[in-house]
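Encoded as structure tokens, the structure appears first; notes follow it.
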There are 2 protein chains.
Amino acid sequence: MHPAAQTFIEKMGLHFEGEGLPRTAGRVLGLLMLRSEPASLEEISEALQVSKASSSTNCRLLERGGMADRVSLPGDRRDYYQVDPNMTERMLDAARRKVGTLLEIMEEARTSLPEDMHSALRRVEELHDFHTFLHHELGALHERWRVRRIPGNEATRADLGEEA
Amino acid sequence: MHPAAQTFIEKMGLHFEGEGLPRTAGRVLGLLMLRSEPASLEEISEALQVSKASSSTNCRLLERGGMADRVSLPGDRRDYYQVDPNMTERMLDAARRKVGTLLEIMEEARTSLPEDMHSALRRVEELHDFHTFLHHELGALHERWRVRRIPGNEATRADLGEEA
DNA sequence: AGCACCATTCAGCACAAACTGAACGTTCTG
DNA sequence: CAGAACGTTCAGTTTGTGCTGAATGGTGCT
């Protein structure tokens with residue numbers, strides 16, 4: 001393997017480890033980015049020097065996170081993986097969801113905390129406002145990224161779950 | 001302690017654990033949000049049922065991350081901690097920095113990968129574009145949040161590190 | 001039916017993260 | 001100067017996370 005590829009894969013591993021994923025998952029994602037064709041579990045195991053069990057686990061982890069897709073090839077029983085073509089949008093979704101959970105924490109705190117804890121409620125309120133703001137901004141940002149990535153793909157009513 | 005406070009603190013612990021911090025650090029942050037006055041290490045240890053060593057470590061961790069401030073009270077040798085009044089902006093900074101590191105990974109990959117790895121370079125390029133976009137957007141978002149939070153606090157040349 | 005080839009699951013193991021109590025250095029106080 | 005009150009550091013322990021090899025179950029082929 002090319003040394004630059006090796007470096008890239010390791011850096012991806014380190015970075016995604018910082019995001020809470022297993023290092024190997026990040027490495028798999030790095031490998032998948034470099035491959036021109038979908039990779040089988042065995043190929044992944046071989047390239048990354050890990051067991052097939054670990055490849056399987058981490059690939060499904062990536063799939064669950066929307067960063068990789070499991071694909072099948074005609075006349076082949078094996079599972080192949082490739083990076084999700086919409087990975088960037090999935091990452092935005094995930095970030096937005098995470099903001100949402102913190103928003104919920106603030107909402108519950110706001111309603112359940114005793115009224116006389118003024119300074120506490122003030123701080124909760126500020127974090128609530130902040131995450132509401134963030135949630136909204138991330139939605140708009142997502143939309144801007146979508147139209148930039150695929151020109152002519154502006155939002156339609158259908159995209160928002162409404163009738164066309 | 002009020003049960004809602006207890007719940008809030010635990011939820012903060014769980015959430016920030018998902019962000020890569022020790023669970024206790026998240027709990028400390030939750031506690032600090034609820035306190036009307038800065039809290040000493042001993043008070044934190046007592047409220048959270050952890051050792052002083054752990055309180056000390058986690059408080060400095062929060063301080064390093066820009067989420068808490070170490071403050072001193074007149075005529076008192078103890079260290080007190082409170083949530084950083086600019087915590088939200090610090091969080092935005094941190095997010096932007098993280099995007100920056102991934103951007104650097106893509107930049108290095110773009111220049112060091114062999115030219116004949118077309119599909120790899122295409123994907124690297126897309127992630128590079130994405131993170132450039134994100135980096136820019138987060139800067140603008142940060143500015144919008146600043147003016148919303150403190151009306152009349154629009155950007156000046158000085159804010160951007162230039163002369164007034 | 002028997003076999004080969006998959007992916008997945010599981011128990012056991014190794015490594016890393018985080019907490020604790022104790023030791024330490026420092027800084028005030030009497 | 002002795003002692004108390006701090007915060008920090010450190011060794012040891014516990015807890016959790018991730019990996020591996022082996023076992024399991026499913027699927028297609030002969």
Side-chain angles (χ1 to χ4, degrees), chain A residues 9-32 35 37-65 67-82, chain B residues 9-32 35 37-65 67-82:
Chain A
I9 288 173
E10 290 307 316
K11 286 194 177 183
M12 289 286 283
L14 258 348
H15 179 84
F16 281 91
E17 188 173 25
E19 305 286 314
L21 288 177
R23 187 181 300 188
T24 303
R27 281 195 273 238
V28 170
L29 191 60
L31 175 67
L32 295 182
R35 299 256 325 181
E37 304 293 333
S40 69
L41 289 180
E42 190 168 3
E43 289 167 333
I44 294 169
S45 299
E46 216 264 331
L48 261 35
Q49 309 261 58
V50 294
S51 69
K52 260 180 61 178
S54 182
S55 296
S56 174
T57 301
N58 284 294
C59 281
R60 271 176 303 126
L61 201 60
L62 289 175
E63 190 189 15
R64 216 162 54 85
M67 288 171 285
D69 290 330
R70 192 164 64 96
V71 298
S72 56
L73 265 43
D76 196 332
R77 284 202 293 123
R78 277 173 289 187
D79 288 353
Y80 290 86
Y81 286 89
Q82 63 182 16
Chain B
I9 288 172
E10 290 307 316
K11 285 195 177 179
M12 289 287 284
L14 259 347
H15 180 82
F16 281 91
E17 189 172 25
E19 304 287 314
L21 289 176
R23 186 181 300 187
T24 302
R27 281 197 272 237
V28 170
L29 192 59
L31 176 66
L32 294 182
R35 298 258 323 182
E37 304 294 331
S40 71
L41 289 179
E42 191 168 2
E43 289 167 334
I44 293 170
S45 299
E46 215 264 332
L48 261 35
Q49 309 262 53
V50 295
S51 69
K52 262 179 60 178
S54 182
S55 296
S56 174
T57 302
N58 284 293
C59 280
R60 272 178 299 126
L61 201 61
L62 289 175
E63 190 188 16
R64 216 164 53 84
M67 287 171 287
D69 291 330
R70 192 163 64 96
V71 298
S72 56
L73 264 44
D76 196 331
R77 284 203 290 125
R78 278 172 288 187
D79 288 352
Y80 289 85
Y81 286 89
Q82 63 183 15

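Chain identifiers are assigned alphabetically (A, B, ...) following the order of the sequence lines, protein sequences preceding nucleic acid strands; residue numbering begins at 1 within each chain. Treat the numbers as computed from the prediction; the structure is a model and nothing was measured.
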Under a criterion of less than 4.0 angstrom to any heavy atom of chain A, what are the 5'-terminal and 3'-terminal contacting nucleotides of DNA chain D?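 That gives a stretch of dG18(D) to dG28(D).
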
With a 4.5 Å cut-off on side-chain heavy atoms, are [Y] and [X] touching?
| X | Y | value |
| --- | --- | --- |
| R27(A) | M12(A) | no |
| E63(B) | D79(B) | no |
| L31(B) | V28(B) | no |

From E46(A) CD over to Q49(A) CD, what is the distance, rounded to the nearest 0.5 angstrom?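 If we round to the nearest 0.5 Å, E46(A):CD and Q49(A):CD are 7.0 Å apart.
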
Between atom OH of Y80(A) and atom CD of E43(A), what is the distance when rounded to the nearest 0.5 Å?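 Going from the OH atom of Y80(A) to the CD atom of E43(A) covers 6.0 Å.
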
Between R60(B) and Y81(B), does the side-chain contact (heavy atoms from CB on, under 4.5 Å) criterion hold? Intermediate values first, please. CA-CA 9 Å; R60(B) 272 178 299 126; Y81(B) 286 89; 3.8 Å; yes

Is there a donor-acceptor pair closer than 3.5 Å between any side-chain N or O of D69(A) and the backbone N or O of V71(A)?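 Judged by distance alone, no pair lies under 3.5 Å.
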
Find the distance L21(B):CG to dA17(C):P and express it as a whole number of Å.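 Roughly 14 Å, once rounded to whole Å.
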
Students often get this wrong, so: under 4.0 angstrom with heavy atoms, is E17(A) touching a base, only sugar-phosphate, or nothing?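 Nothing: the residue E17(A), judged by heavy atoms under 4.0 Å, touches no strand.
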
Only one of S56(B), S55(B), S51(B), S40(B) passes side chain to side chain donor-acceptor pair (under 3.5 Å) with S45(B); say which it is.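 One option only clears the test, and that one is S55(B).
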
Can you name the atoms? Protein N/O to nucleotides 4-8 of chain C N/O, anything below 3.5 Å, with the distance.
| residue | atom | partner | partner atom | Å |
| --- | --- | --- | --- | --- |
| dC5(C) | O2 | R77(A) | NH1 | 3.4 |
| dC5(C) | O2 | R77(A) | NH2 | 2.8 |
| dA7(C) | OP1 | D79(A) | N | 2.9 |
| dA7(C) | O3' | D79(A) | OD2 | 3.4 |
| dT8(C) | OP2 | S56(A) | OG | 2.6 |

